[in-house]
Amino acid sequence: MATPTVLMVAEKPSIALSIASVLSRGQMYTRRGSTEVHEFGGMFLGFHAQFKVTSVIGHIFSVDFPVKYQDWTATDPLDLFQAPVIKNESNPKAHICRHLNQEARGCGHLVLWLDCDREGENICFEVIESSGFSVNEARKRVYRARFSSVTEKDILKAMDNLVEPNRYEALAVDARQEIDLKVGVAFTRFQTSYFQGKYGNLDSRVISYGPCQTPTLGFCVQRYFQINTFKPEKFWTLHPYIMEKGYELQLEWGRNKLFDKDVTVMFEKRVSEDGILEVTEISEKQESKSRPSGLNTVNLLKVASSALGFGPQMAMQLAERLYTQGFISYPRTESTAYPSSFDFRGTLSAVANNPTWGNYVQGLLENGYHKPRSGTDVGDHPPITPMLSATEDMLGRDPWKLYQYVCQHFIGTVSPDCKYLRKKVEFSMGGETFYCTGQHVTVKGFTSIMPWLAVNEKNLPRFAKGEKIEVSKMELYEGSTSPPDYLTESDLISHMEKNGIGTDASIPVHINNISERNYVQVQAGRKLVPTTLGITLIRGYQLIDPDLFLPDIRSFIEQQITLIAKGQVDHFRVVQHVLQQFMQKYSYFVKKIENMDALFEAQFSSLTDSGRSLSKCGKCLRYMKYISSQPPRLYCGTCEEVYYLPQKGTIKLYKELTCPLDNFELLLFSIPGPEGRSYPLCPYCYSNPPFEGIETLIRADKMGGSGKLGKGAGMPCFLCPHPTCPHSLVAQGVCACPECSGTLVLDPVSAPKWRLHCNMCNCLVFLPEGAHRISTTQERCPECDSTIIEVDFNKKTTPLEDGATLHIGCILCDELLHSLVEMKHGRVNMRRMGSRGRGRGARRGSFRVRGRGNGKKVDPKMSFRDF
DNA sequence: GCAAGGTC
């Protein structure tokens, strides 16, 4: 019998490598693929077997709505709650599905080594589906390895105790995905359309809603409310002073502070009449400040924001880079407890020769380090620790700051606690108690490596019980309570963690989202100050349905799907139940939106009052307003219609020309810069493409295109297949793009640096410079079917004989034109296009005609689209 | 143009 092959799949490449290294004892053969595959021989369930260990890269699929529901204008968001959902490959370019399918061929067994949490369980079933292992046979051939850490001991133990994947847990994740998608998208689309259709200065491309991002914003705005409604209160306290050995010592009052001045004055009078303090009690207590437990992601993010000045997104990027370069361990972990097998000595040795803290670490190694405090072990990854020694020169300033903290924190966890003596002296005067405290550090412990956490030394003079001391000064202090400050990122992370909003990996994303959507701004000290938009949204929810922004909305979803995970309630019933509730909330929200709108009206300016008149509407022939703030759009006040425009460029009127299809005035969109481009568009056609099937084409452009059009790309004239319009692709297209399946289109306003640009990729082609005019004609080249162009050269620089200026020809077949043409692709290389005499075959880098037929002449412009 | 969750 042939040796059976066992396919093993981990959640990420690094885990696949660790598992393979342990099981093969380092004797494996590694080959590349979509993700690496490690192969070796060994024993499996008592038989000789060939192993292949590979990985996915997180989730293989993500949920979305079918194409039919993608069109915002054609779908009522309410229908989304009952719409079907489909799973698409999250990262189609990575080809993980195909990779697993190929690797699974000929394998008799599948072992799932995904992370041991709900998401991991869900990915198990994604892997089963992708690899083609029949679900019916799952009992026989599919195994789940449950490991609590990626160590030799745990990996071997998991191999000896293979179980089945847990479908209930996986279904709970499916439920969460569907609920989050439907709720988030429905509310987002409704809010966005409603408010963007009315106001011109909201300054956010999309008015998003989500069960995590909205409560996140809610925390920031609630703090804003607290600050705003805060009423300062005056308070009074008594501070007697005594002179001891030449310096003044301030005593505290046993009553701390009072909010009544008359009462305080009464006490002041009483103690002042006495004027003599008697020492009544001297106590001393040993106090201890504990060393930190292991560093997890959330705590790293908090310190990074509050002490190092890095936002969560930035901190994660730095940490990831340090991880891939091998300087620190895996930076995404919830655990604060080290696994029992953790090699403290090895890790300490790794950072022992560092000039900054080397001596201290040497001391720990020689005199013995401390056992770290027990934290929580979530079973994902060990706490974040240094792996290699590094210097600032090696890493650069910012990565070094983060690395340094990781080192200090790790060393801190195996250092002694900080010990200090706390001394309290109590006095009595006029029947009132006063006191002073001092502290003296006896063991610095971990604070010598984390000095910002050090306990302050505070010396007290010697006192004797019963001693009587004269008061040198009596102060009646008047203070005032002060409002809290705005939430810092670090505070916000704590709130999110406490309320179960987001995960260690997604917390930075949510914070980034509310800032990108212009709901909050990060100000000095990494404080999150809500914007008018953010405040107005939360106040609106408060009026209509506070559940929508309170953190309970997340815990409700979590608690519902936990019923699925435990196998207590059927997946379908839970999803239906939860969606039913959100649907009701949605309907109510829509019904009451005017309450929220009243707030918007007070804060923002209506479309009618925004923007400047730019171009004429094709329906009413009146001028429409151009609103340049995000998202750029045109608003026709008469028709009360909004027409969205492309982003990240400038818009102006295009020679007062109109679209022959709908009479709207054409606009010219330009991206500035040397590699910029400009193209005409009709504001109506742009959002309402007049030809059937154009949607697929625009999507193709989105996927493979330059991206410069922005995600919401519509149909500019260069994609329009209109047969007679002088601005369409048919009229302005010249020939097939040499780099992709697009068409090179004449940029009509690029004079004097005339150019063609591809309507699908970054390819740019420079035409003869300095020409007075270059235009397309209706003629086609008989040889290659490209559009014949007409060039009117400058009199002084014309390359034509006898000073002639007019030249007509094909840029591919006309020797003169072809020699004057230069190609530039994206930002990279500039090169002379296919030189003369080399022929025009399908050689890369030269123009070619892409044909479907066998040498049959095909219109290059029509060849890439199959209308 | 939408969510939140993996991971790169």
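Given the structure is predicted, the values throughout are model-derived calculations rather than measurements. Lettering follows sequence order; numbering is per chain, from 1.
Checking B/dG5, B/dT7, B/dA3 against every side-chain atom of A/A505, the shortest atom distance belongs to B/dT7. Taking only side-chain atoms of A/S62, from C-beta outward, the nucleotide of B/dA4, B/dC8, B/dC2 with the closest atom is B/dA4. For A/Y330, the listed nucleotide lying nearest its side chain is B/dC8; candidates were B/dG5, B/dC8, B/dA3. The side chain of A/D115 has B/dT7 as its nearest neighbour among B/dA3, B/dT7, B/dC2. If you check B/dC8, B/dC2, B/dG5 against the side chain of A/R332, the one that comes closest is B/dC8. Considering only side-chain atoms of A/D64, the nucleotide from B/dC8, B/dA4, B/dC2 that sits closest is B/dC2. Taking the side chain of A/E119 as heavy atoms from C-beta on, and the options B/dG5, B/dC2, B/dA3, the nearest nucleotide is B/dG5.
A/P631 comes within 4.0 angstrom of nothing in the nucleic acid, heavy atoms only. If you check every strand for non-hydrogen atoms under 4.0 Å, A/S208 touches sugar and phosphate atoms only. Within the 4.0 angstrom heavy-atom criterion, no nucleotide atom of any strand lies near A/V183. Residue contacts for A/P211: at a heavy-atom cut-off of 4.0 Å it reaches the sugar-phosphate backbone alone, with no base atom in range. Looking at heavy-atom distances under 4.0 Å, A/N122 makes no contact with the nucleic acid at all. A/R554 comes within 4.0 angstrom of sugar-phosphate atoms only, judged by non-hydrogen atoms across all strands, and of no base. Nucleic acid contact for A/G502: sugar-phosphate only, since backbone atoms but no base atoms lie under 4.0 Å from a heavy atom of the residue.
Nearest-nucleotide assignment on DNA chain B puts the 5′-proximal partner with A/Q196, out of A/Q196 and A/I123. Taking for each of A/T503 and A/Y209 the nucleotide of DNA chain B with the nearest heavy atom, the 5'-most of the two is the partner of A/Y209.
Remark: A/R205 is in phosphate contact with B/dC2, judged by side-chain N or O atoms under 4.0 Å from OP1 or OP2. Neither OP1 nor OP2 of B/dA3 sits under 4.0 Å from any side-chain N or O of A/H510. For A/Q213 and B/dA4, the shortest distance from a side-chain N or O to OP1 or OP2 is below 4.0 Å. For A/R517 and B/dC2, the shortest distance from a side-chain N or O to OP1 or OP2 is below 4.0 Å.
Aromatic ring orientation, A/F187 versus A/F589: tilted (interplanar angle from 30° to 60°).
A salt bridge is defined here as a Lys NZ or Arg NE, NH1 or NH2 lying under 4.0 Å from an Asp or Glu carboxylate O, and A/K87 with A/E129 fails to meet this definition.
Residues A/V185 and A/D180 form no side-chain contact, since every pair of their non-hydrogen atoms from C-beta on lies 4.5 Å or further apart. Contact annotation: the side chain of A/E103 approaches that of A/H99 to within less than 4.5 Å [non-hydrogen atoms, C-beta and beyond].
Per the geometry, CD belonging to A/E558 stands 10 Å off C1' belonging to B/dA4, to the nearest Å.
The closest donor-acceptor contact from the side chain of A/D552 to the backbone of A/S555 lies at 3.5 Å or more, if one exists at all.
To the nearest 0.5 angstrom, A/Y679 atom OH is 11.0 Å from A/L667 atom CG.
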